[in-house]
Amino acid sequence: MANNLINNSIITREALMIRRNSNDLIKNISREYQGQFAQRGAKIGDTINVRLPNDYVVQDGPVVNPEATAERSIPLTINFRKNVPMSFSTQERTLNIDDFSERYIAPAVNALVGQVASDAMTLALQASNMVVNTDDQGNLIAPSSQTWLNAKALLTSCNAPLDDRFAVLDPMTDANTVSGMMGSKILGVREWMQDQTVMISQTGSYDGSATATGTYGNYTPNGAPVTTISSSASPHSSVFSTSAISGTLKAGDIITIAGVNRINRVNKNSLYLPQQFVVLADCASGATSIPLSPAIIPPGANGPVPYQTVDAAPASGATIKLVAPAGSIIRRNMLYSKRALTLATVDLENVSELGPLCARASLDGVSLRTVTYYNGTDDTRSTGLDVLYGIGMLRPDWCVIVPELVQA
């Protein structure tokens with residue numbers, strides 16, 4: 001029986017089918033914005049500003065005191081381009097499709113999609129909530145079912161939607177968590193996912209001795225202009241002044257500030273629980289300011305304000321604590337609302353008319369392109385698999401890190 005010719009369309013479709021079965025995280029984050037890019041007749045460049053929900057304060061009585069609406073948005077930028085190069089002889093290109101898939105396509109796609117997933121996992125460094133499980137001596141231990149229930153309650157207190165909640169766990173955490181729980185639609189989680197690309201990071205060495213100075217302001221990441229807390233450049237962030245810290249803080253560390261508590265985001269009432277903040281950039285020992293998210297937005301002189309995040313501003317002398325133990329290496333398992341994270345993949349141009357063989361396909365919202373060139377000197381075809389994409393954290397408070405200590 002004659003062999004089937006392995007053309008670019010078959011490679012692309014087969015690659016995407018393998019991708020379907022190789023990673024769950026990138027299937028279970030929002031894709032609702034990728035249709036905005038690379039539309040014929042309406043191309044917008046590589047960035048869109050994603051609007052966030054508006055926030056208002058309810059007033060008493062019949063008298064209306066108009067307040068201006070300050071809309072917020074988050075920039076989503078297509079700034080990742082990855083490819084896997086492969087080279088085949090024409091003889092190899094005519095092998096049976098099953099052998100071809102196993103020998104070439106599967107490892108190439110696993111490498112490519114693994115990198116996309118790994119990039120998406122870096123969003124865990126922007127999650128602003130953490131729930132830890134500790135023993136009687138305060139040592140970090142594997143999460144239990146109660147830990148996950150606490151994480152779910154924390155999401156609810158942040159007004160995250162009750163549907164479309166997902167948990168992604170490192171395989172070791174999956175093995176160490178309560179037997180029989182993973183993979184089941186229980187504890188109010190739509191799907192439990194095991195993923196080897198879950199981030200592993202080390203917390204800073206900060207010793208917990210620094211105190212607030214009582215001042216804070218808008219954080220300006222990468223020199224971007226920020227004039228108000230509702231600016232599209234940085235709507236979630238503040239820079240917080242402290243006494244010189246002893247030890248380091250690292251991006252992704254979660255901290256609390258004494259006397260600065262969570263609020264109910266609807267009625268603005270205090271929940272009398274410490275508000276958690278994620279550190280947005282590394283801070284060296286001796287630093288006197290900490291960039292953090294969410295933004296510190298206390299009530300105003302006349303009561304609640306739009307986008308309020310805390311029940312009080314930091315007082316001078318308030319202590320600053322790390323939530324996870326200093327210097328610990330942790331697996332950043334995550335419980336999140338699907339709408340907190342977003343991924344957009346974009347169709348790269350079909351360049352068939354320029355000479356090379358080219359094919360594109362899309363599955364589960366992931367667009368993949370293959371391009372093949374022929375080299376007559378050695379009778380080989382060089383093939384590249386390409387993907388172009390962007391990732392973004394839209395709601396840091398709709399993600400909860402549930403860490404597990406990596407044992408030495």
Side-chain angles (χ1 to χ4, degrees), residues 24-30 52-53 120-121 123-135 140-195 198-199 201 236 252-256 261-278 293-294 309-311 323-324 330-342 393-405:
D24 288 325
L25 173 70
I26 58 178
K27 288 196 303 181
N28 292 312
I29 59 179
S30 171
L52 300 179
M121 281 294 184
L123 294 175
L125 291 175
Q126 300 177 36
S128 61
N129 294 309
M130 179 178 286
V131 172
V132 298
N133 190 26
T134 57
D135 60 20
L140 191 63
I141 58 176
S144 66
S145 57
Q146 186 60 53
T147 316
W148 291 104
L149 283 171
N150 292 344
K152 185 187 77 167
L154 187 49
L155 277 185
T156 302
S157 73
C158 293
N159 293 328
L162 295 176
D163 60 339
D164 285 347
R165 293 182 178 183
F166 295 84
V168 57
L169 293 82
D170 180 273
M172 292 303 298
T173 305
D174 182 79
N176 293 335
T177 307
V178 177
S179 176
M181 185 178 71
M182 303 302 99
S184 302
K185 188 178 179 181
I186 61 173
L187 302 182
V189 177
R190 178 172 173 177
E191 186 175 346
W192 296 86
M193 302 173 292
Q194 181 184 138
D195 197 309
V198 166
M199 279 204 73
S201 64
H236 289 301
D253 284 348
I254 307 292
I255 64 173
T256 60
N261 294 320
R262 297 181 182 275
I263 61 164
N264 180 306
R265 292 295 184 90
V266 175
N267 61 25
K268 316 302 189 213
N269 291 335
S270 179
L271 298 177
Y272 297 99
L273 298 170
Q275 173 67 57
Q276 294 181 342
F277 301 91
V278 60
S293 175
T309 58
V310 294
D311 66 353
V323 174
I330 57 173
R331 302 180 178 102
R332 300 184 74 90
N333 309 292
M334 185 165 61
L335 178 67
Y336 66 95
S337 168
K338 183 175 183 176
R339 281 163 273 185
L341 318 172
T342 192
M393 173 70 80
L394 303 183
R395 292 296 302 264
D397 54 333
W398 286 2
C399 296
V400 182
I401 301 302
V402 182
E404 182 188 28
L405 185 67

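Worth knowing before you read on, the calculation uses all heavy atoms, side chains too, and leaves out hydrogens, waters and symmetry mates. Please read these numbers as outputs of a predicted model, since none were measured by experiment. We count residues from 1, following the sequence as given.
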Among residues at least two apart in sequence or on other chains, which ones pass salt bridge (Lys or Arg N to Asp or Glu O under 4.0 Å) with Asp170?
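If we apply the salt bridge (Lys or Arg N to Asp or Glu O under 4.0 Å) test to Asp170, skipping adjacent residues, the hits are Arg331.
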
Please report the shortest heavy-atom distance between [X] and [Y], naming the atom on each side.
| X | Y | value |
| --- | --- | --- |
| Glu404 | Ala142 | OE2-CB, 3.5 Å |
| Ala167 | Trp148 | CB-CZ3, 4.1 Å |
| Asp195 | Pro171 | O-CD, 3.4 Å |
| Met130 | Pro403 | CG-CD, 3.8 Å |
| Ala151 | Val131 | CA-CG2, 3.8 Å |

Measure the spacing between [atom1] of [X] and [atom2] of [Y] and express it to the nearest 0.5 Å.
| X | Y | atom1 | atom2 | result |
| --- | --- | --- | --- | --- |
| Leu149 | Ser144 | CG | OG | 8.0 Å |
| Leu271 | Asn264 | CG | CG | 6.0 Å |
| Lys268 | Ile263 | NZ | CD1 | 5.5 Å |
| Cys158 | Gln276 | SG | CD | 8.5 Å |
| Leu154 | Cys399 | CG | SG | 11.0 Å |
| Leu140 | Asn133 | CG | CG | 7.5 Å |

Taking only residues two or more places apart in sequence or in another chain, which ones pass side chain to side chain donor-acceptor pair (under 3.5 Å) with Asn333?
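Asn333 satisfies side chain to side chain donor-acceptor pair (under 3.5 Å) with Thr173 once adjacent residues are dropped.
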
With Thr134, which residues qualify under side chain to side chain donor-acceptor pair (under 3.5 Å), at least two apart?
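Scan of Thr134 (side chain to side chain donor-acceptor pair (under 3.5 Å), adjacent residues dropped) gives none.
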
side-chain contact (heavy atoms from CB on, under 4.5 Å) for Ile401 and Met199? Distances and angles first, verdict last.
CA-CA 11 Å; Ile401 301 302; Met199 279 204 73; over 6 Å; no

pair [X]-[Y]: side-chain heavy atoms closer than 4.5 Å:
| X | Y | answer |
| --- | --- | --- |
| Val168 | Tyr336 | yes |
| Ser293 | Gln126 | no |
| Pro161 | Arg339 | yes |
| Val198 | Leu169 | no |
| Leu341 | Met393 | yes |
| Ile330 | Ser201 | yes |
| Phe277 | Pro294 | yes |
| Gln275 | Asn261 | no |

Name the residue from Asn129, Val400, Val278 that meets the side-chain contact (heavy atoms from CB on, under 4.5 Å) definition with Ile254.
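By the side-chain contact (heavy atoms from CB on, under 4.5 Å) criterion, Ile254 pairs with just one of Asn129, Val400, Val278: Val278.
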
Carefully, step by step, assess Asn28 and Arg190 under the rule side-chain contact (heavy atoms from CB on, under 4.5 Å).
CA-CA 10 Å; Asn28 292 312; Arg190 178 172 173 177; over 6 Å; no

Go through the steps for Leu25 and Met121 under the test side-chain contact (heavy atoms from CB on, under 4.5 Å), then give the verdict.
CA-CA 8 Å; Leu25 173 70; Met121 281 294 184; 3.5 Å; yes

Arg332 side chain vs Gly252 backbone, donor-acceptor pair below 3.5 Å:
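Checked: pair present.
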
